[in-house]
Chemist: 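I'd like to ask some things about the structure below.
Here is how names work: the chains are called A, B, and so on, in the same order as the sequence lines, proteins then strands, and each is numbered from 1.
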2 protein chains.
Amino acid sequence: MGRGKIEIKRIENSTNRQVTFSKRRNGIIKKAREISVLCDAQVSVVIFSSSGKMSEYCSPSTTLPKLLEKYQQNSGKKLWDAKHENLSAEIDRIKKENDNMQIELRHMKGEDLNSLHPKELIPIEEALQNGLTVVRDKQMDYLRMMKKNVCSIHRGDCWRRRTSN
Amino acid sequence: MGRGKIEIKRIENSTNRQVTFSKRRNGIIKKAREISVLCDAQVSVVIFSSSGKMSEYCSPSTTLPKLLEKYQQNSGKKLWDAKHENLSAEIDRIKKENDNMQIELRHMKGEDLNSLHPKELIPIEEALQNGLTVVRDKQMDYLRMMKKNVCSIHRGDCWRRRTSN
DNA sequence: CGGTCTATGTATAAGTT
DNA sequence: TAACTTATACATAGACC
C-alpha cells in the first residue's frame, strides 16, 4: 500500500524499518480503536519495536488485567500462574541453598555433629583450625600495629614529622 | 473502506456488526503479523467480540507471559496481584538471610576479615575456638568408642552376647 | 525522529449468490 | 449464515522537509 509493493519480510534498511514501524503501529492501534467502537469489542494490543520501545492500546471498556483474566479463563492458558511457579521454584532453590549453609554454619559452631560420621569431622576440624589461625594472625597484626603506633606517639614521631619540614 | 463510508460508532445491526467484526479482526491480526515480520517487532493482540469469542495473536519470537513481563518492567504497571509481591518479598528476605549467612560463614573460614574491626574478631575467634573444642571432643568420643569396641571384639563380648540367650 | 505529500496497494462495506 | 464480488475508502511506501 504505497508507491511500491513490498514483500512481507524483514526490512533490512534500519531507517526504513523504523519509519515503517511507526506508521504501521499507528495503523494497528487505530484499527484496534475502531473495531472496539464499531463492534463493541474488547481489544488489547501490546507492541515492542526491535529497539525495545513499547506501545499499547486497550479498549476503554476494560483494563489489561481484566482482559488477561478473561484470556486465562477462556484459553485455559496460564499467564501469571506460570510466573508464580517460577518464583516458587526460585524460593525453593534459595531455601535449599540456605539450609545447606545453615547446616555448614551449625557444624562450624559445633552443633548438630551427632549425625556425622567421624570422617566428616575431619574437614570441619581443618576448616576451624584454619579459620582460627587466620583470625589470630589478623589479631596479631592489629596488636603489632597498635603497639607500633603507641611507641611512635611516645617517641613523638608523629608530632615531629608533622611539624618539622 | 468499502462501498460506503462509515462513521466510527457502534454498528447497531447485529448481523452487520458480527460480519464487520470478523473482517476487521482478521485484518488486525494480519497487520500484527506483518509488522512483526517487517519490523522485527514483538506484538500481542487479544480481542474479545461482544459475544465473548476470543481471538489472539502473539509474534512467534516471544510468548504472552514474556511480553507481559516486559510490559510490566517497561510501564511500571502491575498486571498481577499481591500474591506476586508476597513471593518477591519473600525471595528478597531469604536472599538477605542468605547473604548474611554467607558472610558469617566466610568469616568463620578466615575470609573477608579485612573489613572488620579488631573488636569484631573476638566473637569470631571465640566461636571458632568453641567449635574446635566441640569437634575435637566428639572425635575423642569416637576414638574411645572404637577402642572399646576393638577390645570387646578381642574379648569376644559381642559374639557371646549374640549367641547366648 | 517527527510531519507532509501522493501514487498506489489493501482492506472492507455493501451487494450478490 | 457464509462465501464471493467489487466499488470505494483507507493505509502506507517512498520521497522530501
Side-chain angles (χ1 to χ4, degrees), chain A residues 1-62 64 67 70-71 74-75, chain B residues 1-62 64 67 70-77:
Chain A
M1 339 152 176
R3 296 299 180 91
K5 181 169 181 165
I6 57 163
E7 253 188 293
I8 302 302
K9 66 174 197 182
R10 187 189 144 95
I11 297 169
E12 293 303 334
N13 180 310
S14 80
T15 308
N16 277 351
R17 189 168 64 239
Q18 172 55 35
V19 171
T20 294
F21 175 81
S22 290
K23 289 181 177 179
R24 281 176 174 260
R25 178 204 52 200
N26 291 341
I28 289 175
I29 288 177
K30 185 178 175 191
K31 291 285 188 189
R33 183 174 291 120
E34 288 181 354
I35 201 177
S36 75
V37 173
L38 289 169
C39 309
D40 211 15
Q42 297 185 316
V43 186
S44 145
V45 178
V46 178
I47 307 179
F48 285 92
S49 76
S50 57
S51 63
K53 196 189 160 196
M54 192 187 78
S55 314
E56 62 162 321
Y57 171 76
C58 185
S59 35
S61 62
T62 187
L64 193 47
L67 206 80
K70 253 180 109 172
Y71 175 94
N74 223 291
S75 68
Chain B
M1 335 148 175
R3 294 299 180 90
K5 180 170 181 165
I6 57 164
E7 253 189 293
I8 301 302
K9 67 174 196 182
R10 185 189 146 95
I11 297 168
E12 293 304 333
N13 180 311
S14 80
T15 308
N16 275 354
R17 190 168 64 239
Q18 171 54 35
V19 171
T20 295
F21 176 80
S22 291
K23 288 181 178 179
R24 281 177 174 260
R25 180 206 50 201
N26 291 341
I28 289 175
I29 287 177
K30 184 178 176 192
K31 291 284 187 190
R33 184 174 291 119
E34 288 181 353
I35 201 177
S36 76
V37 173
L38 288 170
C39 309
D40 211 16
Q42 296 186 317
V43 186
S44 144
V45 178
V46 178
I47 307 179
F48 285 91
S49 76
S50 57
S51 62
K53 196 190 158 195
M54 192 188 79
S55 314
E56 63 162 321
Y57 171 77
C58 185
S59 35
S61 62
T62 187
L64 195 45
L67 209 79
K70 253 179 109 173
Y71 174 94
Q72 290 199 122
Q73 288 172 1
N74 225 293
S75 69
K77 291 178 195 166

Chemist: Of A/E34 and B/Q18, whose closest DNA chain D nucleotide lies nearer the 5' terminus?
Modeler: B/Q18
Chemist: Among residues 2-17 of chain B, which ones have heavy-atom contacts with DNA chain D below 4.0 Å?
Modeler: B/G2, B/R3, B/K5
Chemist: Would B/K53 and B/F48 count as a cation-pi pair here, with the cationic atom under 6.0 angstrom from the ring centre and within 45° of the axis?
Modeler: no
Chemist: What do you reckon, is CD of B/Q73 surrounded by more than 12 foreign heavy atoms closer than 6.0 Å?
Modeler: yes
Chemist: Is there, by distance only and without an angle test, a donor paired with an acceptor across the side chain of A/K23 and the base of D/dG14 below 3.5 Å?
Modeler: yes
Chemist: Check this one for me: any side-chain N or O of B/K31 less than 4.0 Å away from OP1 or OP2 of D/dT12?
Modeler: yes
Chemist: Between P on D/dC10 and CZ on A/R33, what's the gap in Å once rounded to a whole number?
Modeler: 16 Å
Chemist: Roughly how many Å is it from CD1 in B/I28 to P in C/dA11, rounded to a whole number?
Modeler: 12 Å
Chemist: Within a strict 4.5 Å, meaning less than it, do heavy atoms of the B/I35 and A/R25 side chains meet?
Modeler: yes
Chemist: As a quick check of understanding, evaluate side-chain hydrogen bond (donor to acceptor under 3.5 Å, both in side chains) for B/S44 and B/Y71, giving each step before the final call.
Modeler: CA-CA 11 Å; B/S44 144; B/Y71 174 94; over 6 Å; no
Chemist: I need the single residue from B/R10, B/K9, B/R24, B/R17 that forms a side chain to side chain contact (heavy atoms under 4.5 Å, CB included) with A/L38. Which is it?
Modeler: B/R24
Chemist: Using the side-chain heavy atoms of A/R24, tell me which of these nucleotides is nearest: D/dA11, C/dT10, D/dA13.
Modeler: D/dA13
Chemist: What's the shortest heavy-atom distance between A/Q42 and A/S59, and which atoms?
Modeler: CA-OG, 3.2 Å
Chemist: Between C/dA13 and B/T20, is there an OP1 or OP2 to side-chain N/O distance shorter than 4.0 Å?
Modeler: yes
Chemist: From CZ of B/F21 over to C1' of C/dT12, roughly how many Å is that when rounded to an integer?
Modeler: 15 Å
Chemist: B/L38 has an atom CG; how far is it from atom P of C/dG9, in whole Å?
Modeler: 16 Å
Chemist: Expressed in angstrom and rounded to an integer, what is the separation of A/I35 atom CD1 from D/dA11 atom P?
Modeler: 14 Å
